[in-house]
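Naming convention: chains lettered A, B, ... in sequence-line order (proteins, then strands); numbering from 1 in each chain.
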Amino acid sequence: MIRNGRSFDGRVDAPADSGAGTGRAAETPGTSGAVVMELRGITLRFGGVTAIRETTFDIQEGEIRAIIGPNGAGKSSVLNVINGFYHPQEGEIWYQGRQRGVLKPHQIAHQGIARTFQNIALFRGMTTLDNIMTGRLTRMKSGIFRQLAWWGPAEREETEHREAVEQIIDFLEIQAIRKTPVGRLPYGLQKRVELGRALAAEPSLLLLDEPMAGMNVEEKEDMSRFILDVNDEFGTTIALIEHDMGVVMDLADRVVVMDYGRKIGDGTPDDVRSNEAVINAYLGVAHD
Amino acid sequence: MLYREVGDFKASYAADQATFSIAFDRWFYHGILAFAILVVPFLINDYWANAVILPFLIYSIAAIGLNILTGYCGQVSLGTGGFMAVGAYACYKLMTAFPELNIFFCVLLSGGVTALVGAVFGLPSLRIKGFYLAVATLAAQFFLVWLFNKVAWFYNYSASGQINAPERTVFGFEVTGPEAMPWSAYLFCLVFVIGLAWAARNMTRGSNGRRWMAIRDMDIAAEIIGVNPLGAKLGAFAVSSFYVGVAGALFFSVYLGAVEVTEAFGIQKSFIVLFMIIIGGLGSIFGSFAGAAFMVLLPVLLKNIMVGKLGWATDLAAHFEFAIVGALIVFFLVVEPHGLAMLWRIIKEKLRLWPFPH
Amino acid sequence: MSPGFFYGIEVVLNGLMTGVMYSLVALGFVLIFKASGIFNYAQGVMALFAALTLVGFQDGQIPFSHLINAVFGTKIHHFGWHLPAILAVLFALGVMILFAWLVEKLILKHLVNQEPIILFMATIGLAYFMEGFGDLMWGADIKTLDVGMPQGGNLWIEESTAFLGGEDFYGFYLDNLDIWASVVALVLVVSLVLLSQYTKIGRALRAVADDHQAALSVGISLRVIWVIVWSVAGFVALVAGIMWGSKSGVQFSLSLIALKALPVLMLGGFTSIPGAIIGGLIIGVGEKLFEFLLGAPFLGGATENWFAYMLALVFLVFRPQGLFGEKIIERV
């Protein structure tokens with residue numbers, strides 16, 4: 001498959017290759033420019049600890065937006081704010097052109113935001129298939145009485161969603177583990193199943209929290225390819241946290257850099273790379 | 001006939017989602033069902049009905065109920081005895097207040113009443129988790145039993161404080177009261193067992209069951225993928241209590257006939273039903289039946305051997321029963337935490353490959 | 001002041017004394033929970049079992065005599081001796097330590113890394129087993145336990161407080177036994193706190209409580225710790241069993257009363273020794289006062305059966321971490 005002049009048949013250019021990896025932004029102006037999600041002046045505190053401090057940035061439709069920064073910089077907290085797990089003390093969250101009030105995480109899921117977790121959060125007692133089927137829950141009607149008798153609507157609905165899920169299983173190439181309980185799967189595959197579960201929701205904004213943490217090079221390449229394909233084929237907007245700078249520079253259209261809960265840089269991978277504050281944060285210049 | 005999937009091609013997702021996707025299983029299941037409906041009523045006598053079959057059927061319903069809550073939704077309840085009491089007393093009040101109302105609907109309505117009570121006691125589950133919740137459900141157990149003991153309205157101000165099931169008929173055959181025939185009582189319970197087991201299977205196999213299991217496996221992640229914990233947990237409490245309530249109503253009206261609440265629905269009941277689902281298998285409908293059968297048969301067996309054959313005192317046999325049941329619980333949790341249902345599954349896996357395991 | 005007021009105070013005092021008893025059982029729970037994260041449902045039955053064993057040794061009962069008689073047709077029941085109380089206590093303690101060792105060997109070892117709820121259910125099974133086993137070993141009849149604890153009301157307190165009220169007030173009635181129980185509880189708590197703060201074993205205990213893996217990696221033997229903790233819990237159970245048993249006889253209902261330690265823990269938090277004490281006092285006073293003020297006059301009485309659980313339930317809904325627990329910040 002040829003994408004924008006670069007070959008993606010199972011490979012991403014070597015992450016360390018900084019000369020050629022000028023980021024995708026230069027080559028793929030794939031974003032339409034419409035803002036999907038905007039955080040304005042977000043501050044999040046836990047007791048005396050401030051996890052996020054007056055942070056403002058946006059996520060545009062169709063882009064891959066990376067959030068980077070050293071450990072403890074508040075990256076995961078940002079994702080947790082976006083999907084409503086934490087509620088910031090200050091600031092506004094705008095989603096799809098409207099300011100969002102204080103909503104519960106499950107309400108936000110219904111608005112089309114799905115995510116994966118840094119530490120895998122699969123449902124260990126269920127099979128791969130069932131786990132990915134749970135991703136469809138926001139699209140399935142609830143109601144215990146509808147399901148009492150299986151015949152009719154309940155079975156039809158199940159089959160319909162099963163078809164959608166089978167497509168995702170094909171896409172992620174995990175047909176063979178369809179009926180394996182996820183607890184028995186190796187780490188890399190679990191990560192993949194988790195991505196599948198998030199994809200099954202057909203989200204308009206997909207949040208990935210360190211999708212490649214703890215993976216070997218080959219697994220990282222696979223995962224990168226899936227992320228790019230999701231973005232390309234389904235046009236899904238993605239916000240991701242990642243530590244591997246090579247991967248980030250290759251995947252992301254735009255990058256937010258955080259340190260000590262503050263945004264210290266924002267722009268294309270090239271911009272960010274030459275940003276002095278960012279370099280300082282990563283090379284460990286003493287904070288005053 | 002060999003136990004095989006070979007040649008058993010599934011051409012649709014619907015077929016793949018079927019309960020018994022292997023032909024042999026399907027035939028076996030239909031066979032059991034036919035036997036239970038067509039043959040057992042002609043064989044059943046008083047001893048078998050009262051010692052084994054009726055308690056087995058009724059406890060199966062309660063076990064399925066608790067399994068929905070604990071096995072599927074992950075909320076441990078020690079209030080089963082109390083909820084069974086709600087079913088029993090609701091049934092009694094309905095039977096005496098509306099003598100014209102068919103007992104079938106009395107039992108169903110009792111389940112409904114219990115579902116409401118269960119949902120109320122399920123409210124704390126939104127804030128309290130794990131064994132904190134288990135202890136909190138003890139509140140339901142002790143409070144409800146106390147309530148039925150103290151408030152005379154519940155037992156229609158009878159002097160003994162007991163409730164007695166009046167005679168009621170279905171299609172002209174008595175199913176409750178002293179004149180009830182074993183076969184009619186049996187069939188009456190069987191209808192509920194089959195209907196409720198079938199409904200439970202349907203509720204747990206689709207999106208609804210996945211909501212519950214997601215809450216069970218990781219409630220935070222479940223909420224983030226869009227499961228409303230309030231709905232899922234309260235739903236589980238209500239459905240579970242419905243089953244337990246129906247079991248309590250049948251236990252009172254069909255099986256015992258007369259009930260004193262502390263004796264019949266004390267905390268021991270809660271434990272017995274919990275043990276059924278641990279031994280049978282958490283999160284398995286089949287396991288609920290297996291566990292109920294085990295826990296009903298074990299005392300009968302022990303009693304027959306120790307009291308009948310060896311001539312020991314009954315209290316000695318009872319102590320043995322306690323010790324053996326306790327040891328078995330621990331044994332199962334150590335050796336096979338997924339219970340009899342898992343053992344059965346493993347046997348089936350082996351059988352698929354037999355006689356050429358490699 | 002009205003006599004009702006003084007009765008109220010007496011109810012509170014008696015509630016405090018009952019609370020001390022609850023605390024004694026709760027203490028055993030906390031010890032085990034802190035060291036192994038196991039919610040030991042069997043703690044109450046352990047108290048019953050310990051008391052049964054103590055009485056059995058003291059009276060020279062032959063263990064399993066019912067069983068032996070049933071199997072061999074003999075008619076044995078007693079050795080025909082009476083052990084001094086202190087010796088019987090030591091023997092009973094020995095049995096509890098043996099029991100702790102067996103629990104580790106047969107159960108805990110195999111359940112490492114299981115979910116807490118599985119462990120909880122295993123201890124329910126253990127409770128069932130011990131109940132049956134205890135009855136098999138010593139018989140199920142109600143026994144009186146007398147290790148020389150002072151009985152009856154404390155006259156001194158009664159007489160010296162009589163002047164407070166009017167004609168028909170004779171002073172506060174307090175059981176000597178309850179006063180003793182409070183003293184013993186106090187000594188127990190202080191020595192347990194000292195043990196865990198200032199000894200090597202105590203440090204290891206706290207390390208295990210904090211993080212199993214980390215404790216293992218610095219060379220602490222989890223299994224030894226568990227045996228120690230269960231032994232100490234067995235000792236606490238024995239003390240609780242002696243107190244309860246002296247008060248109301250050794251019988252099955254002891255394990256039901258001990259169930260009340262569960263709501264005590266939910267109030268006080270599972271990891272706090274002072275929490276267990278204060279939780280116990282709150283529950284003890286609360287249920288006695290509730291019964292006195294509302295239960296007996298308006299609700300038909302016997303509200304002690306459920307009050308503790310309801311209180312814990314309502315309390316937890318508003319403060320899930322208990323009285324002394326830290327606020328839980330959930331993470332993903």
How long is the span from the CZ atom in B:F142 to the CD atom in C:E304, to the nearest 0.5 Å?
13.0 Å
Name the region of B:E223, side chain, backbone, both or neither, that has any atom closer than 4.5 Å to a heavy atom of chain C.
neither
For the residue pair C:W306 and B:F143, does the interplanar ring angle fall in the parallel (under 30°), tilted (30 to 60°) or perpendicular (over 60°) class?
perpendicular
Can you name the nearest heavy-atom pair linking C:L313 to B:P124, along with the distance?
CD2-CG, 3.4 Å
Under 4.5 Å to a heavy atom of chain C? For B:L147 that would be neither
Against chain C, label B:L138 side chain, backbone, both or neither, depending on which of its atoms sit under 4.5 Å from a heavy atom there.
both
Chain B: which of C:V314, C:L126, C:N305, C:I124 shares the most heavy-atom pairs with it under 4.5 Å?
C:I124
On a heavy-atom basis, the closest approach of B:R127 and C:F318 is NH2-O, 3.5 Å
For B:L282, is it the side chain, the backbone, both, or neither that has a heavy atom closer than 4.5 Å to a heavy atom of chain C?
side chain
For the rings on B:F271 and C:Y41, is their centre-to-centre separation under 6.0 Å?
yes
Check whether B:F275 gets within reach of chain C through its side chain, its backbone, both or neither, counting any heavy atom under 4.5 Å.
side chain
To the closest 0.5 Å, what do you measure between OH (C:Y309) and CD (B:Q141)?
10.0 Å
B:Q162, CD: over 12 other non-hydrogen atoms inside 6.0 angstrom:
yes
Over all heavy atoms of both residues, which pair between C:M310 and B:A139 is shortest? Give the atoms and the distance, please.
N-CB, 3.9 Å
When C:Y128 is tested against each of B:I324, B:L328, B:V325, B:V330 for side-chain contact (heavy atoms from CB on, under 4.5 Å), which residue passes?
B:V325
